[in-house]
Structure formats: structure tokens, C-alpha cells
Amino acid sequence: MRAGDRFAGRYRLDSPLGQGGMGEVWKAYDGELGRAVALKTMLADADADGPVRRFRREAAIGARLQHPGITVVHDVALGIHACDSQYLYSGNRAPARRE
């Protein structure tokens, strides 16, 4: 996936935010609702039952949590293995320098 690509016909990928063993997180734009979101997608090779169950469980738990320090989960699309959550701008993502 690259910046500018469309995902699931609904999201425009803007910039990568991070990647882990199970997937990638992108700053994306939800064209249906007109808002910036953090879009977590599963990697293609993580399509086995175990990772899909873990992804589903993580999204369900995240959707039940409400705390100022946790992003809100808006939607999960299990057919395409994606989770749409609140995008929080945090300023500069560069590591802090130690003096």
C-alpha cells in the first residue's frame, strides 16, 4: 500500500503511522464521513484464523474502552480486515533527543 491509494473504496491512505507483526496503521481519510481516521489493516500473510481472531478481539475490546488516553474505535470491517479508529494528531513523531 502507498500514500494516495484507496482502501475498500471508502478510505484514502494519507501517510503510514506504524507497522507491527500483524498489520499496518495509516492516517487515512474516510470519504463517507468526511474525517481523518487511523486505519489499521492486517498484513496479507496474517490471513490465518489465529491472527483474524486476535484482530477481531482487539477491535471489540478497543470499542468498549472509553478513556481520554485511548483512541475511540469507530468501525471494524472484518471482511477486509480493517479497523477504523479516531486519529489523534500528536505533533512531531520524531524520537525525543536526550541532552
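From a predicted model like this one, the values you see are computed outputs, not experimental measurements.
Atom CZ of Arg54 and atom CE of Met42 lie 8.0 Å apart (nearest 0.5 Å). How far CZ of Arg6 is from OH of Tyr11: 12.0 Å, rounded to the nearest 0.5 Å. Between the CD atom in Glu24 and the CG atom in Leu13 there is a gap of 8.5 Å [rounded to 0.5 Å]. In this structure, NZ in Lys27 is found 5.5 Å from CG in Asp14, a value given to the nearest 0.5 Å.
Looking at every heavy atom in both residues, Ala28 comes nearest to Leu39 through CB-CB, 4.1 Å. Contact record, Phe7 with Met1: CD1-SD, 3.8 Å, taken as the closest heavy-atom pair.
Using a 4.5 Å heavy-atom cutoff, the side chains of Arg12 and Asp5 are not in contact. In this structure, Gln19 and Val25 have side chains that are not in contact, with every pair of non-hydrogen atoms separated by 4.5 Å or more.
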